Amino acid sequence: MLSYGLRPEGSSWREQALRERSAHGAEAHLTLRDLRRTPLSMPSDTLVHICENPRMVEAAAGAGCTQPVVCTSGNASTAVLTLLDGLANAGCAFAYHGDFDWPGITLANRIISRYYALSWRMSAYDYERLVAHNNGQGIPQLSLAGLPVAADWDADLAPAMTALDVALHEEVTLDVLVEDLA
């Protein structure tokens, strides 16, 4: 599992290594084995941003962002859930962003409901703005595939997506999301 900016409390070498990687703007790959050996704890007021695409973590690291980011790389693995469960138990809060397509909304519903996460630029308004921006930039559009999925956090999102019929992958929002993390 790819992460960036995790600055856990504690004095073990693993916790120190994560803080060092954060200080030097480097991503960190955590395995389930790592997390089982050293459960991570962060200050309880920490807001952890969760993304779906590893490119988001790379962009945050490249821009020297300061806020922590955890990547699910699609459907959250056991390692991702183990980390997020531990951080939730420590009192961390979460904000989630993923793809604007039907599988992406399904994944977002799972994370948002499990962790009471805020949606992070995942509203109907955000979607409509991104579609218009991409059209204006001449970015090739992909049609949505599959059956519509209602977004638990925004009743207007699925109707907006159905009406515009454009799938937007997380990469098209990198500039805006990186600004949020700065």
Side-chain angles (χ1 to χ4, degrees), residues 1-101 103-123 126 151-153 169-182:
M1 170 207 43
L2 191 62
S3 65
Y4 170 75
L6 294 177
R7 294 170 181 83
E9 299 172 324
S11 58
S12 79
W13 69 267
R14 285 183 179 86
E15 293 152 335
Q16 291 174 6
L18 282 172
R19 288 193 300 272
E20 283 292 314
R21 291 190 71 78
S22 295
H24 294 285
E27 304 93 324
H29 180 81
L30 297 170
T31 66
L32 185 56
R33 182 173 175 245
D34 293 330
L35 296 169
R36 286 187 173 153
R37 287 183 169 189
T38 307
L40 301 180
S41 179
M42 306 264 286
S44 63
D45 60 346
T46 302
L47 176 62
V48 177
H49 289 78
I50 305 167
C51 64
E52 184 179 341
N53 191 297
R55 182 67 190 105
M56 180 60 224
V57 175
E58 294 168 359
C65 295
T66 57
Q67 296 189 38
V69 182
V70 173
C71 181
T72 66
S73 294
N75 202 11
S77 67
T78 302
V80 170
L81 296 175
T82 299
L83 174 61
L84 296 178
D85 286 352
L87 295 176
N89 289 337
C92 291
F94 302 99
Y96 181 86
H97 189 278
D99 293 341
F100 282 109
D101 60 11
I105 301 304
T106 299
L107 297 176
N109 281 339
R110 286 183 196 144
I111 294 294
I112 288 171
S113 67
R114 181 177 177 121
Y115 298 106
Y116 305 102
L118 302 170
S119 68
W120 174 27
R121 296 203 183 255
M122 292 279 297
S123 69
D126 296 313
D152 294 343
W153 64 93
H169 293 178
E170 195 168 36
E171 294 94 330
V172 301
T173 62
L174 290 182
D175 56 341
V176 175
L177 299 177
V178 166
E179 284 178 23
D180 290 346
L181 297 172

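Keep in mind the model is a prediction, meaning the values are calculated, not measured.
Each of V80, L6, V70, L2 was compared with L30 under the side-chain contact (heavy atoms from CB on, under 4.5 Å) criterion, and only L6 meets it.
Judged by distance alone, the side chain of W153 and the main-chain N or O of M122 form a donor-acceptor pair under 3.5 Å. In this structure, the side chain of E15 does not engage the main chain of P8 through any donor-acceptor pair within 3.5 Å. With hydrogens and angles ignored, the 3.5 Å screen pairs a side-chain donor or acceptor of Q16 with a backbone N or O of S11. Within the 3.5 Å criterion, the main-chain N or O of T31 finds a donor-acceptor partner in the side chain of D34. At least one donor-acceptor pair closer than 3.5 Å links the side chain of Y4 to the backbone N or O of C65. A distance-only check finds a donor-acceptor pair linking the side chain of S3 to the backbone of A28 [under 3.5 Å]. Side-chain atoms of R7 never come within 3.5 Å of backbone atoms of R19 as a donor-acceptor pair (strictly under, hydrogens ignored).
In terms of heavy atoms, T66 sits closest to A182 at OG1-C, 4.2 Å. The minimum heavy-atom distance between P54 and S73, with the atom names listed, is CG-OG, 3.7 Å. Closest approach of A79 to L32, counting heavy atoms only: CB-N, 3.9 Å. Residues P68 and G5 approach most closely at CB-O, 3.5 Å, considering heavy atoms. Of all heavy-atom pairs spanning A61 and G25, the tightest one is CB-O, 3.7 Å.
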| message | Under the criterion side chain to side chain contact (heavy atoms under 4.5 Å, CB included), I'd like the reasoning laid out for M1 against C71: C-alpha separation, chi angles, the key distance, then a yes or no. | response | CA-CA 7 Å; M1 170 207 43; C71 181; 5.8 Å; no

| task | Determine, step by step, whether R110 and L81 satisfy the side chain to side chain contact (heavy atoms under 4.5 Å, CB included) criterion, reporting the C-alpha distance in whole Å, the side-chain angles of both residues, the deciding distance to 0.1 Å, and the verdict. | result | CA-CA 11 Å; R110 286 183 196 144; L81 296 175; over 6 Å; no

| task | Report the C-alpha separation of T46 and Q67 in whole Å, then their side-chain angles, then the decisive distance to 0.1 Å, and conclude whether the side chain to side chain contact (heavy atoms under 4.5 Å, CB included) test is met. | result | CA-CA 9 Å; T46 302; Q67 296 189 38; over 6 Å; no

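Here S12 contributes atom OG and L40 contributes atom CG; the two are 8.0 Å apart, rounded to the nearest 0.5 Å. Separation of atoms CG (D99) and OG1 (T106) is listed at 11.5 Å; rounding is to 0.5 Å. To the nearest 0.5 angstrom, N109 atom CG is 10.5 Å from S119 atom OG. The structure places CD of E58 at 8.0 Å from CG of N53, a figure rounded to the nearest 0.5 Å. F100 CZ to T173 OG1: the interatomic distance, rounded to the nearest 0.5 Å, is 7.5 Å. Distance check: T82 OG1 to R33 CZ gives 15.0 Å after rounding to the nearest 0.5 Å.
At least one side-chain heavy atom of F94 sits less than 4.5 Å from a side-chain heavy atom of L87. For the pair D152/I112, no side-chain contact is recorded, criterion being any heavy-atom separation below 4.5 Å from C-beta on. Between L107 and T72 there is no side-chain heavy-atom pair separated by less than 4.5 Å. Contact of the D126 side chain with the W120 side chain is not registered, since no non-hydrogen atoms from C-beta on lie closer than 4.5 Å. Counting only heavy atoms from C-beta outward, the side chains of H49 and H97 never approach each other to under 4.5 Å.
The stretch residues 173-182 participates, sequence neighbours left out, in these salt bridge (charged side-chain N to carboxylate O under 4.0 Å, His left out) pairs: R121-D180. Sequence neighbours left out, not one pair with a member in residues 12-37 passes ring pair (Phe, Tyr, Trp, His ring centres under 6.0 Å).
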